[in-house]
Amino acid sequence: MSRIYLDNAATTPIDKQVIEVMLPYMENHFGNPSSIHAEGRKAKTAIEEARKTVAKHLNCSIGEIFFTSCGTEANNMAIKGAVKDLEVQTIITTEIEHHCNLHSYEYVHKNYGTEIKYLPLNGDGTIQYEVLEEWLSKADKKTLVSLMYANNEIGNLLDVNKIAQLCHSYNALFHTDTVQAIGHYPIDLTHTKVHFLAGSAHKFHGPKGIGFIYINNDVRLQPYMDGGSQERNMRGGTENVIGIVGLAKALDLACQEMEQRRIYIQSLKHFLKNQLLTNFHDVQFNGNQEANLYTVLSVSLPENARSETLLMHLDIAGIAVSGGSACNSGAETASHVISKLQNASNRRTIRFSFSHFNTKQELDKVIEVLRSVL
Ligand code: PLP
């Protein structure tokens with residue numbers, strides 16, 4: 001039975017074209033990029049070519065891109081670096097950021113006394129831009145605004161340009177977690193003033209274990225990881241050459257095919273949304289439906305006897321989706337995002353997340369299975 005994978009916000013299948021460019025770096029070009037011989041230089045060149053590719057797609061300079069082990073590391077680096085090295089004393093954020101950010105705020109609060117201010121949220125999880133402006137206008141300490149571009153659970157999109165302008169007007173630093181947006185939306189860092197941005201290859205059909213941070217040239221952080229002089233002294237440790245090569249190829253493909261992928265994926269999301277509304281009673285969609293990540297559809301269903309085990313039934317039927325809950329060590333706990341939304345109680349959440357590898361036939365099958373289970 002071929003499986004139907006609709007959990008692309010968790011991770012995406014790696015593209016075969018990406019594997020192809022990675023293979024030679026596994027089989028033949030194994031040199032250490034810090035070595036000065038031909039093998040080393042070959043690896044070093046591959047890293048610098050990859051950096052060029054990333055910088056080109058984000059319209060920034062190559063010196064502003066640093067490869068990391070994942071999106072989590074990039075976000076940790078931005079938040080902790082801003083506090084340790086740039087005298088940030090206040091962070092303005094929300095309670096529905098990814099845990100790698102939320103736990104980093106907690107860390108700096110506990111260890112450096114940083115004040116963490118959570119913006120109030122509307123019922124659909126959107127922020128009130130006026131409140132952010134009011135807080136920024138009254139800020140008397142160095143402030144970092146840390147807000148995600150696209151929410152991984154409910155797909156809410158941030159108006160990044162607007163936030164960047166606000167931060168610029170009030171002299172605040174701006175960090176945005178773009179892990180779910182990179183490769184899906186054009187990002188132009190020459191025209192949008194962001195100080196820190198995080199990306200992760202496995203969310204856009206690249207390999208796992210490789211990400212990057214953009215650090216604007218106007219700010220300087222101390223090394224995050226002490227060691228050799230890799231990543232221009234910012235992050236010691238022999239580079240993940242294979243991953244870096246794969247990340248660049250995956251980003252290149254995502255950016256080149258962005259428009260056609262977007263149109264196709266959007267049509268899948270539209271189709272599933274309509275089918276759910278037609279086939280089931282009292283279906284609601286979580287998050288801001290006006291500005292929503294096209295790869296994510298968070299569905300809220302009324303509780304019934306079968307909905308508790310819905311994900312398990314779908315899995316058994318060959319369909320991989322995710323729930324509105326975090327599963328840590330096998331224990332399901334209510335999602336920190338869904339629980340902040342209006343009407344969150346007594347409903348079940350399923351998150352469908354799509355890629356251009358999905359088909360309409362797969363969605364027909366999903367509806368058929370859902371009808372039989374519910
Ligand atoms: N930020 C967001 C919004 C995410 O969705 C994820 C992954 O789920 C991360 C950060 C962490 O990325 P990584 O898995 O590369 O550490």
Side-chain angles (χ1 to χ4, degrees), residues 5-14 18 54 65-80 91 93-107 125 127 145-158 160 163 174-185 187 194 196-214 224-225 235 240 242-244 246-248 250-251 254 286-288 291-298 320-328 333 335-338 340 349 351-355:
Y5 185 75
L6 286 166
D7 199 13
N8 290 280
T11 195
T12 54
I14 187 162
V18 172
V54 176
I65 301 296
F66 301 86
F67 292 110
T68 62
S69 66
C70 56
T72 296
E73 183 184 325
N75 284 320
N76 267 259
M77 204 166 162
I79 295 162
K80 294 175 182 171
I91 296 177
T93 184
T94 71
E95 289 175 300
I96 60 171
E97 303 299 307
H98 190 271
H99 275 130
C100 65
N101 300 308
L102 292 173
H103 293 164
S104 296
Y105 310 141
E106 280 166 23
Y107 175 87
I127 59 161
V145 173
S146 175
L147 294 169
M148 68 205 307
Y149 189 126
N151 187 285
N152 50 303
E153 290 197 36
I154 55 173
N156 281 7
L157 291 173
L158 189 75
V160 168
I163 305 282
F174 181 27
H175 158 242
T176 182
D177 175 352
T178 48
V179 166
Q180 293 290 341
I182 292 259
H184 300 304
Y185 292 90
I187 294 175
V194 170
F196 308 103
L197 168 155
S200 180
H202 74 103
K203 306 289 185 177
F204 49 84
H205 306 283
K208 292 173 184 55
I210 185 72
F212 67 89
I213 182 170
Y214 158 86
Y224 185 70
M225 191 113 90
R235 185 182 186 276
N240 175 359
I242 301 159
I244 290 172
L247 180 148
L251 186 62
N286 295 315
N288 174 15
N292 208 267
L293 184 57
Y294 57 84
T295 50
V296 165
L297 180 62
S298 176
V321 295
S322 143
S325 58
C327 193
N328 295 315
T333 52
S335 149
H336 71 286
V337 178
I338 301 293
K340 295 290 177 307
T349 296
R351 181 191 66 184
F352 298 97
S353 48
F354 315 92
S355 85

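Counting starts at 1 for both ligands and their atoms, in listed order. Values reported hereafter were calculated over all heavy atoms of this structure, with side chains retained and with hydrogens, waters and symmetry mates removed.
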Identify, for atom 16 (O) of ligand 1, the protein heavy atom at the shortest distance, and state residue, atom and that distance.
T72 OG1, 2.6 Å
If we ignore hydrogens and angles and just use 3.5 Å, is the side chain of S353 paired with the main-chain N or O of T295 as donor and acceptor?
no
Contact check: C100 vs ligand 1, nitrogen or oxygen atoms, below 3.5 angstrom:
no
Element-labelled atoms of ligand 1 that are located less than 4.0 Å from some non-hydrogen atom of S200:
13 (P), 15 (O)
Check for me whether the distance between the ring centres of F354 and Y5 falls short of 6.0 Å.
no
Where on H202 is there a heavy atom closer than 4.0 Å to ligand 1, on the side chain, on the backbone, on both, or on neither?
side chain
Looking at H205 and P13, would you say the former's side chain and the latter's main chain have a donor-acceptor pair under 3.5 Å?
yes
Please check if the side chain of S200 supplies one atom and the backbone of G211 the other of a donor-acceptor pair under 3.5 Å.
no
Check whether any side-chain N or O of T176 sits under 3.5 Å from a backbone N or O of T178 as a donor-acceptor pair, and report yes or no.
no
Go through ligand 1 atom by atom and flag the ones less than 4.0 Å from a non-hydrogen atom of C70.
13 (P), 15 (O), 16 (O)
Have a look at ligand 1 and work out which part of D177, if any, has a heavy atom under 4.0 Å from it: side chain, backbone, both or neither.
side chain
Enumerated ligand 1 atoms positioned under 4.0 Å from heavy atoms of M148
3 (C)
Can you tell me which residue and heavy atom of the protein come closest to atom 5 (O) of ligand 1, and the distance to 0.1 Å?
Q180 NE2, 2.8 Å
So is K80 actually on top of Y224's ring, under 6.0 Å and inside 45° of the axis?
no
Which residue, N151, T72, N75, forms the side chain to side chain donor-acceptor pair (under 3.5 Å) with D177?
N75
How far is atom 8 (O) of ligand 1 from its nearest protein heavy atom, and which residue and atom is that?
K203 NZ, 2.6 Å
Counting non-hydrogen protein atoms only, what is the nearest one to atom 4 (C) of ligand 1? Give residue, atom name and distance.
H98 CD2, 3.3 Å
